[in-house]
> 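One structure coming up, written as C-alpha cells, with questions to follow.
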Amino acid sequence: MIFTVAIDGPAAAGKGTIGRAVAERFGFAHLDTGLLYRAVGAKVAEGADPVAACALTPEDLARGDLRSAEAGQAASRVAAIPAVRAALLNFQRRFSRREGGAVLDGRDIGTVICPEAEVKLYVTASAEVRAGRRWQELGGEAAPLPYQAVLAEVVERDARDMGRADAPLKPAADALVLDTSELSIAEAVGRAVAAVQDRLG
C-alpha cells in the first residue's frame, strides 16, 4: 500500500512528535525532513558548499549536534537556498511514495514535496508556546539562552521560513490545521490519528 501523510508547521509546534506517533500507530515509515536540512546546515557551517553538502551519509544524519538551536538556525538559512531544496526534493518524494506508507514532517511537504498526499496536516501553536517548549528542551532555567532570546529566535525563524521566495511555510489549501497551543500531546496525536483513520476508511 502506498499512503502518504504530510505534516507541516513551524518550529516546536509538535509536528515531529505527532509524525512519529502516527507512523508508529499505522506502521508507516517516518522521515523528519528538517533533519536533512539540519545536517546540510551543519556541514555548510563547517565550510562545505551548500549543494555539495546535500550528498548526505547516514553518519551525517546521526550527528549529535543536529538538535541544537544553532543547527536549527543553520537549517533555516540553507533551506532558503533554492538549489539546496532542489537537491533534497527527489529523496523526499521517493521516500513519500514507498510501499507500506510514509509520514513526512517539515515545512513544505503538503504544498511542494507531496501535494498528492492522502492526508495533510498543518501543526501550529503560538510563538510564545513554541518558544516555551524549545526553552524547556534546552534546559529551562539551566538553558544557555533566556526565554526571551529563544522567543526572538523563533519569531526570526518564522519570518524567514514563511517569507522565503521558494516553498514558503504555509498550510496546504486542503490541510487539516491542528493548533496545539492548548492541546496535550495525547489530544493532538489523537486528532491526527483520527484524520488518517478516516482517510484509510
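Here, residue 1 is the first one in the sequence, and each next residue gets the next number. All values derive from a computational prediction rather than experimental measurement.
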> I would like to know whether W135 and E141 meet side-chain contact (heavy atoms from CB on, under 4.5 Å); could you show each step before the answer?
CA-CA 8 Å; W135 183 64; E141 293 295 344; 3.6 Å; yes
> Kindly compute the distance separating CG (L145) from CG (L138), expressed to the nearest 0.5 Å.
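So the gap between those two atoms works out to 7.0 Å.
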> Can you tell me how far apart CG (D179) and OG (S126) are? Round to the nearest 0.5 Å.
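With rounding to 0.5 Å, CG (D179) is 7.5 Å from OG (S126).
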> So Q92 and R85, side-chain hydrogen bond (donor to acceptor under 3.5 Å, both in side chains) or not? Walk me through it.
CA-CA 10 Å; Q92 295 172 79; R85 304 197 71 80; over 6 Å; no
> Is L183 linked to L176 within one hydrophobic cluster, defined over Ile, Leu, Val, Met, Phe, Trp and Tyr using a side-chain heavy-atom separation of less than 4.5 Å?
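No, no single cluster joins them.
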> Can you hop from V123 to V5 via hydrophobic side chains spaced under 4.5 Å?
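Same cluster.
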> Got a salt bridge between K15 and D32, using NZ or NE/NH1/NH2 to carboxylate O under 4.0 Å?
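Salt bridge absent between K15 and D32.
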> Looking at A172 and K120, what are the two nearest heavy atoms and their distance?
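Result for this residue pair: CB-CD, 3.8 Å.
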> Say whether F28 and L104 are linked into one hydrophobic cluster, either directly or through other cluster members, by side-chain heavy-atom distances under 4.5 angstrom.
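Each belongs to a different hydrophobic cluster.
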> Which residue pairs pass the side chain to side chain donor-acceptor pair (under 3.5 Å) test with at least one member in residues 35-50, sequence neighbours excluded?
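As it turns out, the side chain to side chain donor-acceptor pair (under 3.5 Å) pairs with a partner in residues 35-50, which skip direct neighbours, are K43-D60, E46-R63.
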> Which side-chain N or O atoms in residues 188-201 pair as donor and acceptor under 3.5 Å with protein atoms at least two apart or in another chain?
unit_1	atom_1	unit_2	atom_2	d
Q197	OE1	R25	NH2	3.4
R199	NE	E118	O	3.2

> Salt bridge or not between R134 and E153? Use side-chain N to carboxylate O under 4.0 Å.
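No salt bridge links R134 with E153.
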> Tell me, yes or no, whether the heavy-atom count around I2 atom CD1, taken from other residues, nucleotides or ligands under 6.0 Å, exceeds 12.
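Counting other residues, nucleotides and ligands, CD1 of I2 exceeds 12 neighbours.
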> Using every non-hydrogen atom in the two residues, find where D166 and P82 come nearest and quote the distance to one decimal.
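Closest pair (atom of D166, atom of P82, distance): OD2-CA, 3.6 Å.
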> Should V155 and L169 be regarded as members of a common hydrophobic cluster, given that ILVMFWY residues are connected when their side-chain heavy atoms come within less than 4.5 Å of each other, either directly or indirectly?
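No.
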> Check R130 with D158, please: is the shortest side-chain N to carboxylate O separation under 4.0 Å?
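Here D158 pairs with R130 in a salt bridge, since their nearest N and O are under 4.0 Å apart.
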> May I ask you to decide whether K170 forms a salt bridge with D161, counting only side-chain N to carboxylate O separations under 4.0 Å?
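No, this pair does not count.
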> Does E128 reach the side chain of Y147, with side-chain heavy atoms less than 4.5 Å apart?
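Contact flag for E128/Y147 side chains = yes.
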> Heavy atoms, side chains only, cut-off 4.5 Å: are E187 and E182 in contact?
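Side chain of E187 against side chain of E182, heavy atoms only: no contact under 4.5 Å found.
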> I would like to know whether T33 and I113 meet side-chain contact (heavy atoms from CB on, under 4.5 Å); could you show each step before the answer?
CA-CA 10 Å; T33 64; I113 306 297; over 6 Å; no
> Using side-chain heavy atoms (C-beta onward) and a distance below 4.5 Å, is S76 in contact with R157?
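Answer yes - side chains close enough.
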> What verdict does the side-chain contact (heavy atoms from CB on, under 4.5 Å) test give for I7 and I18, after you've listed the backbone C-alpha separation in whole Å, the side-chain angles of each residue and the deciding distance to 0.1 Å?
CA-CA 9 Å; I7 305 178; I18 292 170; 4.2 Å; yes
> Answer yes when E137 and R133 have at least one side-chain N-carboxylate O distance shorter than 4.0 Å, and no when they do not.
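Judged by the 4.0 Å cut-off on N to carboxylate O distance, E137 and R133 do not form a salt bridge.
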> Can you tell me how far apart CZ (R160) and CZ (R164) are? Round to the nearest 0.5 Å.
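Reported to 0.5 Å precision, the distance equals 10.0 Å.
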> Run H30 and E24 through side-chain contact (heavy atoms from CB on, under 4.5 Å) and show every step you take.
CA-CA 8 Å; H30 175 248; E24 187 175 331; over 6 Å; no
> Using a 4.5 Å cut-off on heavy atoms from C-beta on, say whether the side chain of L56 contacts that of L61.
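Heavy-atom side-chain distance check passes, below 4.5 Å.
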> Identify the heavy atoms of A125 and A13 that sit nearest to each other, and give their distance.
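The pair with the smallest heavy-atom distance is N-CB, 4.2 Å.
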> State, with a plain yes or no, whether a side-chain heavy atom of V40 is found less than 4.5 Å away from one of L88.
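A side-chain contact exists here, since the closest heavy-atom pair is under 4.5 Å.
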> Could you report the tightest heavy-atom contact between D65 and A71, atom names first, then the distance?
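Taking D65 first and A71 second, the nearest heavy atoms are O-CB, 3.5 Å.
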> Treating Ile, Leu, Val, Met, Phe, Trp and Tyr as nodes and any side-chain heavy-atom pair under 4.5 angstrom as an edge, say whether V84 and L36 lie in one connected cluster.
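Shared cluster, yes.
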> If you look at every heavy atom in F95 and A102, which pair is closest and at what distance?
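Minimum heavy-atom separation between F95 and A102: O-CB, 3.5 Å.
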> Give the minimum heavy-atom separation between D8 and G110, together with the two atoms involved.
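The pair with the smallest heavy-atom distance is OD2-N, 2.8 Å.
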> Just wondering, do L66 and L35 contact through their side chains at under 4.5 Å, heavy atoms?
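Answer yes - side chains close enough.
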> For the residue pair S96 and F91, establish whether any side-chain heavy-atom pair is separated by less than 4.5 Å.
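Result no, sub-4.5 Å side-chain heavy-atom pair not found.
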